[in-house]
Amino acid sequence: MLIIYDRINRVTKENKRKHKKNLRPVLFFSMIIICGLFLIFDMGQVQAASKTVKYKGKTIAKYNKSGQMVFIPSKNSSTNYKNLNHLMSGKKKKTIVIPKGSTVKLGGVLKPGNNTTIIATGAKVIGKKKSNVIFAAPNKKLKNLSIIGGTWRSVDKNGRTGSLFAFSYVTNLVMDGVDCNANYKGHAIEIIACKNVTIKNCTVAAIGSNPSKCLEEQIQIDLATKKTAPKIAEFGKKYVKGQTCENVYILNNTVTGARAVGVNWTDSEKGKWRNKFHKNVVIKGNTLTGTTSEALAYFNTVGGEISGNTIITNATRTDGNSSYTIGIHVAIMGIAPESMADSTLTISNNTVYGNRNGIHFKAYFNSNETKCLSQLGYVTVTDNTVYCKKGKKKAIVQVKQSCRKLTQSNNNLHTWN
């Protein structure tokens, strides 16, 4: 038995020595592979950090450690817009950084491709005279466009009288922390037939002349028709058939204009597009000031929310269009889709200053103004503080049962002296 045990023990020790001997090359090669991977990764980081983008034989951007393309500004405005358009082109995911502290003058319009992020925090971008800074064409139908930060201006002395930013048929659009403006007669930001839009933390203040009856919005949410979008009409009739916006979020902005924000309709082409309605527009946490019209015009929209805002209109018109002096003007201008009946609109926790009315609801009536042809859905107005120059009784007004159901509670009403 002892002999057998001794032999077994010797065999076991022999096998262990062989296993250790065989394991050494495996461990050695494993270490080589691991070190190689670290070296490749490190080399990749170095290459990514030093990689440049060339266009027409010249370096126009350098990649940073995060893989973003850092734009190299030129003193030539024509070169700037061409180089930026080259960086923004195509469908691949990309981020362009306009360097902090730089001033970039553009000799033309920027036209981004899909999956583009533009970071301009701390930079200033100045558009060409009588031109958009960024234009999204309807035939491109862009997806995933973000503009982060920056001071964006027109070279025009009194601000852009058209649209500084013009977006049509864009899905997933974000503007965050942008400082921009237009003339009172123009729009800083125009959204036409777009889906899933967020405009947040932006500062928008109209400049230049402000006609006494001006109605133009600094942030305009619009439908696509020949009248409301003449530039879009140039691309073909199919792009101006009353296409509307859906899921638009205006959050935590400071906006001043003839109107601050307008969710629009049109009676053009003999009322052809009166029955076109936007869907789900949320106005939340903003400070909105209207100088010669409503601070917030909220027309032809199915479902949404207006909450946590400070909304002021300083308009003083006393003619037949005194409705332009309302703080929050909610209206149906056509016959709403069936979905309106069960829709909800919440107006809560706002501080509102209005002239004729603070908050006003009106639906579309027949020619004799006797029959409501379409109603707003379930409307809740709660916890608002409303100041009205015409007195407390005019602070919150519904015209002839314009809402299927209007619920009011905990609103503090005051005369605005």
Side-chain angles (χ1 to χ4, degrees), residues 97-106 110 117-127 131-134 145-167 173-191 194 197-210 214 216-222 248-263 281-298 306-314 327-328 350-353:
V97 177
I98 300 176
K100 185 177 180 180
S102 64
T103 296
V104 178
K105 294 182 179 180
L106 303 175
L110 299 181
T117 297
I118 304 166
I119 299 176
T121 304
K124 189 172 185 177
V125 182
I126 302 174
S131 176
N132 310 114
V133 170
I134 293 182
L145 174 60
S146 296
I147 302 164
I148 313 299
T151 300
W152 301 74
R153 296 288 186 267
S154 169
V155 74
D156 297 276
K157 183 180 178 181
N158 292 315
R160 171 82 168 122
T161 53
S163 297
L164 192 70
F165 293 92
F167 303 105
L173 168 65
V174 175
M175 294 185 73
D176 185 358
V178 172
D179 182 332
C180 60
N181 64 33
N183 188 277
Y184 278 95
K185 294 178 283 188
H187 313 297
I189 304 170
E190 182 178 27
I191 307 296
C194 293
V197 176
T198 300
I199 300 172
K200 61 182 181 179
N201 307 317
C202 295
T203 301
V204 186
I207 62 173
S209 60
N210 183 198
C214 188
E216 302 300 338
E217 306 90 352
Q218 283 299 296
I219 298 179
Q220 184 185 62
I221 301 162
D222 219 342
V248 179
Y249 297 85
I250 309 297
L251 310 174
N252 304 317
N253 306 284
T254 300
V255 188
T256 301
R259 269 187 183 134
V261 176
V263 188
V281 177
V282 175
I283 313 291
K284 190 173 182 179
N286 306 278
T287 298
L288 308 179
T289 304
T291 55
T292 53
S293 189
E294 307 103 319
L296 173 60
Y298 195 91
I306 303 169
S307 67
N309 306 282
T310 297
I311 295 177
I312 306 166
T313 179
N314 292 312
I328 300 175
N350 302 285
T351 300
V352 183
Y353 294 82

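- To the nearest 0.5 Å, atom OG1 of residue Thr203 and atom CG of residue Asn181 are 10.5 Å apart.
- With contacts defined as side-chain heavy-atom distances shorter than 4.5 Å, the pair Ile147/Phe167 qualifies.
- With a 4.5 Å cut-off on side-chain heavy atoms, Asn158 and Ser209 do not count as touching.
- Atoms CZ and OG1, on Arg153 and Thr103 in that order, are 11.5 Å from each other to the nearest 0.5 Å.
- Of the possible polar contacts, one joining the Gln218 side chain to the Asn183 backbone as a donor-acceptor pair under 3.5 Å is found.
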Practice prompt. Applying side-chain contact (heavy atoms from CB on, under 4.5 Å), run through Val178 and Ile189 and close with a yes or a no.
Written response: CA-CA 11 Å; Val178 172; Ile189 304 170; 5.8 Å; no

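- Heavy-atom minimum distance, Gly149 versus Ala120: O-CB, 3.7 Å.
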Please output the side-chain donor-acceptor pairs of residues 251-263 that fall under 3.5 Å, not counting sequence neighbours, one pair per line with the distance.
unit_1, atom_1, unit_2, atom_2, d
Asn253, OD1, Asn201, N, 3.1
Asn253, OD1, Cys202, N, 2.8
Asn253, ND2, Ile199, O, 2.9
Asn253, ND2, Leu251, O, 3.1
Asn253, ND2, Asn286, OD1, 3.0
Arg259, NE, Ser293, OG, 3.4
Arg259, NE, Glu294, OE1, 2.8
Arg259, NH1, Leu215, O, 3.3
Arg259, NH1, Glu217, OE2, 3.2
Arg259, NH2, Glu294, OE1, 3.0

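- For the pair Tyr184/Thr292, no side-chain contact is recorded, criterion being any heavy-atom separation below 4.5 Å from C-beta on.
- Atom CD1 of Ile134 is separated from atom CG of Leu110 by 5.5 Å, given to the nearest 0.5 angstrom.
- Between the Asn309 side chain and the Asn350 main chain, no donor and acceptor come within less than 3.5 Å of each other.
- Looking at every heavy atom in both residues, Ala188 comes nearest to Ala182 through N-CB, 3.6 Å.
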Discussion item. Set out, in order, the CA-CA distance, both residues' side-chain angles and the distance that settles side-chain contact (heavy atoms from CB on, under 4.5 Å) for Lys100 and Thr121, then state yes or no.
Written reply: CA-CA 6 Å; Lys100 185 177 180 180; Thr121 304; over 6 Å; no

Practice prompt. Quick one: do Ser154 and Leu164 satisfy side-chain contact (heavy atoms from CB on, under 4.5 Å)? Show the steps, please.
Written response: CA-CA 7 Å; Ser154 169; Leu164 192 70; 4.0 Å; yes

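- Without hydrogens or angle criteria, Arg160 side chain to Ser131 main chain gives a donor-acceptor distance under 3.5 Å.
- In this structure, the side-chain contact (heavy atoms from CB on, under 4.5 Å) partners of Ala166, at least two apart in sequence or on a different chain, are Asn132, Phe135, Ser163, Glu190.
- Between the Tyr249 side chain and the Lys200 main chain, no donor and acceptor come within less than 3.5 Å of each other.
- In this structure, Asp176 CG and Ile148 CD1 are separated by 5.0 Å, a value rounded to the nearest 0.5 Å.
- Side-chain contact between Ile283 and Ile311: absent, with no pair of heavy atoms (C-beta onward) separated by less than 4.5 Å.
- Annotation: side-chain contact (heavy atoms from CB on, under 4.5 Å) contacts of Ser102 (sequence neighbours excluded): Pro73, Ile98, Pro99, Val104, Ala123.
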